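Quick notes on the structure that follows.
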There are 2 protein chains.
Amino acid sequence: MAAERSGAGDPRRTLDLLWRAGSGGGPRRPARGRRPRISVDRIVVAAVTVADRDGIGAMSMERVAEALGAGTMSLYTHVPGKAELIDLMVDAVLAERDLPGAGQARPDGWRARIELYAARTGDLHRRHPWLHQVSLVRPPLGPGLLAQEEYLIAALTDSGLPPDDVAAAAGAVAAAVDAAASSAAAADRAEHETGQSDASWWAARSSFWERDFDDERYPAIAALWRAGGLGRDAREVATRAGTFGLARLLDGIEARATAAGAGGVRGG
Amino acid sequence: MAAERSGAGDPRRTLDLLWRAGSGGGPRRPARGRRPRISVDRIVVAAVTVADRDGIGAMSMERVAEALGAGTMSLYTHVPGKAELIDLMVDAVLAERDLPGAGQARPDGWRARIELYAARTGDLHRRHPWLHQVSLVRPPLGPGLLAQEEYLIAALTDSGLPPDDVAAAAGAVAAAVDAAASSAAAADRAEHETGQSDASWWAARSSFWERDFDDERYPAIAALWRAGGLGRDAREVATRAGTFGLARLLDGIEARATAAGAGGVRGG
DNA sequence: TGGAATTACCGTATGGCATACGGGAATGTA
DNA sequence: TACATTCCCGTATGCCATACGGTAATTCCA
């Protein structure tokens with residue numbers, strides 16, 4: 001799969017679009033000129049709808065325009081191009097998690113807060129399985145992403161980690177949660193887009209075990225297989241790996257934070 | 001970015017291509033007919049070269065054929081389609097890590113073995129920065145992927161984890177290492193493909209901090225920023241998060257394995 | 001030696017895509 | 001009513017994957 005490029009185009013224009021609902025009270029219509037029939041918000045909603053239903057690969061400018069009953073080129077009046085539209089889609093859905101911000105009610109304990117984050121992110125990927133296909137290097141610096149960063153950094157600051165480790169920990173937690181959520185979602189997406197269940201995908205490859213796999217070349221896999229330690233259903237495998245991985249990562253962070261607390265607060 | 005679909009097409013045909021160099025002593029030319037000018041291997045090498053240089057987005061059948069001095073449609077004699085070619089590319093580069101298999105010399109200790117895996121995977125993504133853009137749900141079941149699974153499962157089996165946890169742990173470690181390696185590589189790729197350094201990307205967005213960012217809405221980010229805990233260079237941030245995350249994950253696994261060992265081996 | 005069979009190469013055509021360009025329509029103000 | 005402003009969108013360009021079918025090279029066999 002070729003990935004979408006994110007964070008391209010004129011930066012200021014994109015930032016204005018990302019924060020359009022923010023400071024200033026929304027986009028106000030100019031005093032003169034023809035009345036717009038479509039808007040950035042409607043375009044983003046339509047694009048997300050198309051991507052949810054048919055995958056990000058089917059989200060073409062033509063399809064989005066069609067969904068809005070507009071001409072393809074009309075979109076370009078409101079949005080610089082497809083790359084920027086994807087940035088807007090990503091930030092919009094990230095914001096859907098509605099993570100409690102500063103001053104709002106949050107779960108007690110930093111670990112519970114991270115687990116809320118993981119649960120919301122899992123739901124998010126279930127609703128928008130195309131999300132993991134968009135690369136987030138140079139991410140859209142919009143409210144959705146910032147809410148995520150604020151939430152994670154706040155929780156991990158409270159964990160007692162030394163400040164130098166907080167950013168790295170936030171990155172690691174975000175990566176772990178994302179990997180878990182998106183691989184589970186990807187299993188669903190693969191079933192939905194190809195119309196082939198995971199079981200039948202494996203069944204079509206049963207010859208692999210007979211003809212290509214070699215017990216002597218891969219003894220550890222073979223042993224685990226015989227011990228029944230290898231799952232079959234892709235979603236379940238992904239979910240188990242994600243849950244296990246996040247739990248162990250948080251264990252490790254907790255141990256580190258405890259050690260830092262004991263060593264850092266002298267005579268504590 | 002729209003992602004490539006992997007694992008599509010006729011399964012048996014794809015498996016045969018993936019294992020072409022394996023049992024049977026390579027693809028033998030049929031007794032009759034015109035002599036082939038290109039081969040699957042040459043196509044895969046050319047495709048990887050193109051993707052390495054110009055990104056997976058530039059890897060079109062036309063470009064690959066051109067690199068081989070052949071007509072575009074000639075590729076389809078050897079490869080069913082682009083999706084399958086990408087599977088072959090992925091498995092080929094995964095195999096480049098040349099992880100020591102059963103019977104070969106390996107580092108002492110399961111943790112050192114995982115760290116070798118992480119290092120090799122980091123190099124791999126540095127050489128082939130397009131790799132993280134290919135989704136690996138329903139992955140190509142070729143020698144490259146199997147070598148990875150064998151290596152991880154063997155190492156984690158030796159860690160002392162209960163068998164039920166080994167597969168999940170292998171998945172979690174693979175995900176963590178992949179996330180670390182690919183986000184670091186993606187930072188490079190972004191610089192290379194857009195011709196814009198990370199510093200200048202941020203500089204172009206300096207207005208973000210002045211106009212869009214709000215200290216009161218994001219107090220934890222602001223505090224960490226003032227404490228100097230937020231890095232600037234994308235590659236360094238990604239590397240730190242990856243290193244930290246993997247270390248903590250392995251800490252957590254180790255603790256779990258120790259506990260299981262103590263509890264599991266009665267009267268040990 | 002000359003088909004016939006087999007295999008590989010590839011030109012052309014189709015339909016989809018993003019998007020540059022520029023004309024035309026609708027709306028406001030003077 | 002004239003004009004500026006803003007928006008809508010048809011057309012054209014160039015890239016893409018790939019289906020189809022013709023053609024070239026090679027070997028086998030009569």
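Naming convention: chains lettered A, B, ... in sequence-line order (proteins, then strands); numbering from 1 in each chain. These numbers were taken from a predicted model, which means no experiment stands behind them.
- When the side-chain nitrogen and oxygen atoms of Ser74(A) are compared with OP1 and OP2 of dC9(D), one or more of them lie within a distance under 4.0 Å.
- Between Pro80(A) and Ala58(A), the residue anchored closer to the 5' end of DNA chain C is Ala58(A), taking for each the nucleotide with the nearest heavy atom.
- The nearest pair of heavy atoms linking Ala47(B) to Met59(B) is O-CG, 3.6 Å.
- Here the P atom of nucleotide dA18(C) and the CE atom of Met73(A) are 11 Å apart, to the nearest Å.
- Leu85(B) places its CG atom 14 Å from the C1' atom of dT18(D), with the value rounded to the nearest Å.
- Atom P of nucleotide dC7(D) and atom CZ of Arg42(A) are separated by 15 Å, given to the nearest angstrom.
- Between the side chain of Arg34(A) and the base of dA25(C), a donor-acceptor pair under 3.5 Å is found.
- Base contact: Thr77(A) has a heavy atom under 4.0 Å from a base atom.
- Using a distance-only test at 3.5 Å, with no hydrogens or angles considered, no donor-acceptor pair links the side chain of Ser200(A) to the main chain of Ala203(A).
- One atom, CD1 of Ile56(A), and another, P of dG16(C), lie 20 Å apart when rounded to the nearest Å.
- Judged purely by atom type and a 3.5 angstrom limit, Ser60(A) uses its side chain to pair as donor or acceptor with the backbone of Arg63(A).
- Atom CZ in Arg37(A) sits roughly 11 Å away from atom P in dT27(C) (whole-Å rounding).
- Here the C1' atom of nucleotide dC15(D) and the CE atom of Met59(B) are 15 Å apart, to the nearest Å.
- Among the protein residues, Met61(B) comes within range of the sugar-phosphate backbone only, with heavy atoms under 4.0 Å from sugar or phosphate atoms but none that close to a base.
- Distances were taken from every side-chain heavy atom of Tyr76(A) (C-beta onward) to each of dC17(C), dA18(C), dA8(C); the shortest belongs to dA18(C).
- The CD atom of Glu66(A) sits 10 Å away from the P atom of dC17(C) (whole-angstrom rounding).
- Side chain of Trp19(A) to backbone of Phe213(B): no donor-acceptor contact under 3.5 angstrom is found.
- Distances shorter than 4.0 Å separate none of the side-chain N or O atoms of Thr72(A) from OP1 or OP2 on dC9(D).
- Taking only side-chain atoms of Ser60(A), from C-beta outward, the nucleotide of dT5(D), dC28(D), dA18(C) with the closest atom is dA18(C).
- Residue Arg35(A) places no side-chain N or O under 4.0 Å from the OP1 or OP2 atom of dC8(D).
- Arg63(B) has its CZ atom 11 Å from the P atom of dA17(D), to the nearest Å.
- Among the atoms of the strands shown, only primed sugar atoms or phosphate atoms (P, OP1, OP2) are found under 4.0 Å from some heavy atom of Ala70(B).
- Between the Asp52(A) side chain and the His128(A) main chain, no donor and acceptor come within less than 3.5 Å of each other.
- Note on Gly71(A): only backbone sugar-phosphate atoms sit closer than 4.0 angstrom, heavy atoms only; bases stay farther off.
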